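Read the structure below first, then the notes.
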Amino acid sequence: MKIAIYPGSFDPITNGHLDIIKRSLKLFDKIIVLVSFNPAKKYKFDTETKINMIKESLIEEGISEDKVSVDSFSGLTVDYAKTHHAACLIRGLRVVSDFEYEWSLNAANNYIDPSIEMVFLMAKKETSFISSSTINEMYQNGVDVSSLVPKAVLKYLK
Ligand code: ADP
């Protein structure tokens, strides 16, 4: 069974993240969405709320837990991957600045554990402008974000 980890902040999960999850299911038998906690970052939602939003969004999409499960971890993602028998980490690429960040992340992960591969999926043009931070900013300023996030997330934004 091919297992992959999709790590991220998911603060909150957006339709861009969901698109990456759905497309990853064409490549892997099982995805573990991993809410990572970076103490250097300031998040809008706590980890438990983020997990609940992801789980509810997956139910909304009709994706079962044996295909996509959700977990959280505050250590090294490569360590989590190893203990969960995952050979790949999935990341999404939107703009060139994502590439720069992901390039060094990939190099660092490779240094730590070269047996774990990173797999990058390009964002679709329809969702490439969506990020959790722009969603939060748009919502706070009264912009209708209902076509950019799962319904479950709208409930939590309110
Ligand atoms: P992180 O803080 O780890 O970057 P994010 O939740 O912002 O966490 O993103 C997790 C992953 O999903 C990253 O690889 C990011 O590039 C990707 N991603 C985020 N939004 C989108 C989107 N709209 N389309 C494709 N990939 C995305």
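Keep in mind that this is a model prediction, so the values were computed, not measured. Quick note: residue numbers are just sequence positions, from 1. Just so you know, ligand 1 is whichever comes first in the structure, and atom 1 is the first atom listed for that ligand.
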Practice task
Would you mind reporting whether P12 and T49 have side-chain heavy atoms less than 4.5 Å apart?
Solution key: no

Fill in the blank from the handout: Counting only non-hydrogen atoms and a 4.0 Å cut-off, the residues near ligand 1 are Y6, P7, G8, S9, F10, G16, H17, I20, K41, R91, G92, R94, D98, E102, A123, T127, I130

Exercise for the section: Find out if a path of hydrophobic residues (ILVMFWY) with successive side-chain heavy-atom gaps under 4.5 Å connects V153 to V70. Expected result: yes

Problem - Side-chain donor/acceptor of N15 to backbone N/O of E126, under 3.5 Å - result: no

Problem - ILVMFWY cluster, M53 and I51 together (side-chain gap under 4.5 Å) - result: yes

Handout entry: Single-linkage hydrophobic cluster, 4.5 Å side-chain cutoff, V145 and L18 together
Key = yes

Handout entry: D79 and T83, any side-chain heavy atoms less than 4.5 Å apart
Key = no

